[in-house]
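Notes to accompany the following structure.
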Protein chains: 2
Amino acid sequence: MEKESTKKQILEAAQKVFTEVGLDGARMQKIADEADVNKAMLHYYFKSKNKLFKSVFRIIAPKVFPEILQVLNKDMSLFEKIEKLVDNYITVLINNNNEKIPLLILNELNKNPDEFSDIMLESFNSLDFDPLKELEKDIQEEVLAGKIRYIDPQELLINIISMCIFPVCAKTFLQKVIFKGEKDKCQQFLITRRETIPKFIINSIKSD
Amino acid sequence: MEKESTKKQILEAAQKVFTEVGLDGARMQKIADEADVNKAMLHYYFKSKNKLFKSVFRIIAPKVFPEILQVLNKDMSLFEKIEKLVDNYITVLINNNNEKIPLLILNELNKNPDEFSDIMLESFNSLDFDPLKELEKDIQEEVLAGKIRYIDPQELLINIISMCIFPVCAKTFLQKVIFKGEKDKCQQFLITRRETIPKFIINSIKSD
DNA sequence: GTCTATAATGTGATAGAC
DNA sequence: GTCTATCACATTATAGAC
């Protein structure tokens, strides 16, 4: 019988280290230290570094992608859905534990598509509805009601996600280059995006 | 006297390997093989792996950030500048040699801000004008002319960059999850963004 | 399940001949 | 400047006692 607490400690420590320095940069000893367990325990529970990473990946991947999209299946107007979707993203990504997750996922997906893109797809398919179909339906409705111009649902979704996620991935860059070292202003900017992003998007698609 | 061709071969091979697998994932032997030179040559010319990486970083960083912004200093209308800026980004990023550069930069900037953010800042400061000030001026003009609503220049610039760069970073993900494996459709989508992004932005800021 | 000790390997870096 | 040979070390992984 597994001791769940040890396993959980390892997974949490591993997530921390992997998000900080990536798969290649991570050291098993560092993870063991963070988890406050013996290094041999890592192999006892997860066999290898790669398998440990996969376990972490399976936990974090759905957080920043399909889970947040649940809101698109709710009983709301398109504009409300956009506001709530952005709100969810900013809330999740502002969290210190989560802000480095997107970059880690994009990276490992890029270096090893064969190994990881199926995991992403699985968690996407675990949704009990198709976000793009749902979005298309909402868009059609609002177009018919004369409230918005038509926009391709893929374009809309990708624009929303880009504007939510990219600035978080580029936080270090923004702080230094765009906000000239004023970290507070940068953080404030990211928080304010809860309002500015929906405004920017809705302005773009609403009928004149 | 240095033999320039060898040095150049190494830098090109290093860029290739580093963009593919990152700093930690890269192997000096692999770089030597790609450059078709002896591994000892890498140390002869660049002392260490870290210094080689820094040399590469100094070359690639300006490509995706300050160089492209030159267009903001041209004699064009705000709308024209937006169109040209997006066009430049898509052109550069569609190129196979460049598409993985943004992710590499964001990553190493994140893992080691102290070491790399100054390099980014230097290349930004090498511009002979301030892109944000210039953008602010253009925005003010168009607001006075009644052509657009006011938008914070930082917000505008970051939105543009987000929508140009993020989908390229997330290409593997988009291919698999959003475009269900249809790579051609995904590539077509990225190319079409030359037109859809400016349209999306201009629609958002123009006066009703 | 947990630990120590150690094997097995990979890898950045250098010395020294040419 | 270029090469071969090799060092020195870090790191994943495992064997085996408790």
Side-chain angles (χ1 to χ4, degrees), chain A residues 1-60 104 107-108 110-112 114-116 119, chain B residues 1-60 104 107-108 110-112 114-116 119:
Chain A
M1 180 52 187
E2 279 175 356
K3 204 181 144 194
E4 278 306 313
S5 75
T6 304
K7 198 173 177 179
K8 205 178 154 192
Q9 275 168 257
I10 295 172
L11 279 171
E12 280 167 11
Q15 174 178 336
K16 187 169 175 227
V17 175
F18 283 136
T19 48
E20 272 168 3
V21 295
L23 172 52
D24 290 323
R27 296 290 158 253
M28 294 296 265
Q29 186 60 60
K30 180 84 195 295
I31 295 172
D33 293 347
E34 287 276 347
D36 203 30
V37 303
N38 190 284
K39 184 162 69 88
M41 287 294 94
L42 272 51
H43 290 95
Y44 176 78
Y45 281 106
F46 297 95
K47 301 280 183 210
S48 73
K49 185 183 174 184
N50 256 288
K51 284 184 180 147
L52 172 56
F53 182 79
K54 270 201 181 175
S55 297
V56 171
F57 193 92
R58 273 177 218 282
I59 294 170
I60 61 175
L104 178 67
N107 251 311
E108 304 307 333
N110 234 292
K111 288 198 289 190
N112 217 328
D114 298 334
E115 207 158 346
F116 296 115
I119 302 180
Chain B
M1 180 54 189
E2 278 176 353
K3 203 179 143 195
E4 278 305 312
S5 75
T6 305
K7 200 172 176 181
K8 205 176 153 193
Q9 275 169 258
I10 294 172
L11 279 170
E12 280 168 10
Q15 173 177 337
K16 187 170 176 224
V17 175
F18 283 136
T19 49
E20 273 169 2
V21 295
L23 172 54
D24 291 323
R27 295 292 157 251
M28 293 297 264
Q29 187 60 60
K30 181 83 194 294
I31 294 172
D33 293 346
E34 288 274 347
D36 203 31
V37 302
N38 191 285
K39 183 161 71 91
M41 287 293 94
L42 306 196
H43 289 95
Y44 175 77
Y45 281 105
F46 298 94
K47 302 279 183 212
S48 72
K49 185 183 173 184
N50 256 287
K51 287 184 178 147
L52 173 56
F53 182 78
K54 270 201 181 174
S55 297
V56 171
F57 193 91
R58 274 178 218 281
I59 295 170
I60 62 174
L104 179 66
N107 251 311
E108 304 306 334
N110 234 293
K111 286 198 289 191
N112 217 328
D114 299 332
E115 206 159 348
F116 296 115
I119 303 180

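Below, read A as the first sequence line, B as the second, and so on, with proteins coming before strands; counting in each chain starts at 1. In this text, all values refer to a predicted model and were calculated from it rather than measured experimentally.
Summarising the geometry, the separation between CE on B:M41 and C1' on D:dC3 is reported as 7 Å, rounded to the nearest angstrom. Between the CZ atom of A:R27 and the P atom of D:dA10 there is a distance of 11 Å, given to the nearest Å. The NE2 atom of B:H43 sits 12 Å away from the P atom of C:dA15 (whole-angstrom rounding). In this structure, the NZ atom of A:K49 is 12 Å from the C1' atom of D:dA13, given to the nearest Å. Taking atom CG of residue B:N38 and atom P of nucleotide D:dT2, one finds them 10 Å apart after rounding to whole Å. The interatomic distance linking A:Y44 (OH) with D:dA13 (C1') rounds to 16 Å, in whole Å. Remark: P of D:dT4 and CG of B:L42 are 14 Å apart, rounded to the nearest angstrom. The NZ atom of B:K39 sits 14 Å away from the P atom of D:dT6 (whole-angstrom rounding).
In terms of heavy atoms, B:L42 sits closest to B:A32 at CD1-N, 4.0 Å. Of all non-hydrogen atoms in A:L23 and A:L104, the two that sit nearest each other are N-CD1, 4.5 Å. Pairing each heavy atom of B:D24 with each of A:G25, the nearest pair is OD2-CA, 3.3 Å.
Heavy atoms of A:A32 sit nowhere under 4.0 angstrom from any nucleic acid atom.
Counting only residues at least two apart or on different chains, the salt bridge (charged side-chain N to carboxylate O under 4.0 Å, His left out) pairs with a member in residues 48-58 of chain B are B:K54-B:E115, B:R58-B:E122. Applying the side-chain hydrogen bond (donor to acceptor under 3.5 Å, both in side chains) rule to pairs touching residues 32-41 of chain B yields B:K16-B:E34, B:Q29-B:D33, sequence neighbours excluded. Annotation: side-chain hydrogen bond (donor to acceptor under 3.5 Å, both in side chains) contacts involving residues 5-14 of chain B, sequence neighbours excluded, comprise B:E2-B:K7.
A 4.5 Å side-chain heavy-atom check between B:L11 and B:Y45 finds every atom pair outside the cut-off.
Comparing C:dT2, D:dT12, C:dT14 against the side chain of A:T6 picks out C:dT2 as the nearest. The side chain of B:M28 sits closest to C:dG12 out of D:dT2, C:dT2, C:dG12.
Across residues 10-25 of chain B, not one residue has a non-hydrogen atom less than 4.0 Å from an atom of DNA chain C.
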Between protein and nucleotides 16-18 of chain D, what N or O pairs are separated by less than 3.5 Å?
none

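Applying the 4.0 Å criterion to OP1 and OP2 of C:dT2, one finds that A:Y45 has a side-chain N or O inside that range.
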Inset, instruction - Could you walk me through whether A:E108 and A:F53 pass the side-chain contact (heavy atoms from CB on, under 4.5 Å) test, one step at a time? - result: CA-CA 10 Å; A:E108 304 307 333; A:F53 182 79; 3.3 Å; yes
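By the side chain to side chain donor-acceptor pair (under 3.5 Å) test, B:N50 is found to be paired with no residue, residues two or more places apart in sequence or in another chain being considered.
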